[in-house]
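Position 1 is the first residue of the sequence, and the numbers go up from there.
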Amino acid sequence: MNHWKLQGAKSYPGHSGSTMDWPAKTIKAGVHGVPGGENTIIEDAGTFRYFTLREAARIQTFPDEHLFKGARIHITRQIGKRCAM
């Protein structure tokens, strides 16, 4: 539940992804219509993927039992705004 995956994660300057076994980069609430939560992770094979919503929520200290409701864009904003609380 709330473990959706997005395809198409890429690395580019300023967006290099987080590595396993190291602290994750900041998950943003987003600005200018961009929902945030676009942080990527570098997998062992060297490929990139976006954090799932559940992974991002866990990084932001939401309990695993927390159930998000709404469209993905609203959930990413909720997750990103957690750090301001």
Side-chain angles (χ1 to χ4, degrees):
M1 100 175 73
N2 288 152
H3 211 59
W4 307 323
K5 282 191 174 182
L6 288 178
Q7 302 299 317
K10 298 176 187 169
S11 175
Y12 51 88
H15 189 73
S16 58
S18 297
T19 55
M20 298 281 203
D21 301 330
W22 284 92
K25 295 180 179 181
T26 301
I27 296 174
K28 306 178 293 184
V31 295
H32 307 295
V34 178
E38 72 278 358
N39 197 348
T40 58
I41 191 159
I42 305 167
E43 296 184 304
D44 292 335
T47 56
F48 290 83
R49 70 170 175 84
Y50 290 105
F51 282 118
T52 66
L53 293 177
R54 182 53 57 196
E55 288 169 332
R58 188 175 280 172
I59 290 167
Q60 294 293 82
T61 71
F62 282 94
D64 287 342
E65 300 78 32
H66 186 90
L67 181 61
F68 295 96
K69 293 185 181 179
R72 186 181 190 289
I73 191 169
H74 299 128
I75 294 171
T76 57
R77 285 186 182 134
Q78 292 170 49
I79 293 169
K81 289 181 182 180
R82 174 75 174 217
C83 62
M85 297 172 80

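Separation of atoms CD1 (I42) and CZ (F48) is listed at 4.5 Å; rounding is to 0.5 Å. For the atom pair CZ (R58) and CD1 (I79), the distance works out to 12.0 Å, reported to the nearest 0.5 Å. We find the CD-CZ distance between E55 and R49 to be 4.0 Å, quoted to the nearest 0.5 Å. With values rounded to the nearest 0.5 angstrom, D44 atom CG is found 8.0 Å from D21 atom CG.
Closest of all the heavy-atom pairs between I41 and M20 is CD1-SD, 3.5 Å.
Legend: residues meeting side-chain hydrogen bond (donor to acceptor under 3.5 Å, both in side chains) with T47, ordered by chain and number and at least two apart, are E43.
Using a 4.5 Å heavy-atom threshold, the side chains of F68 and L53 count as separate.
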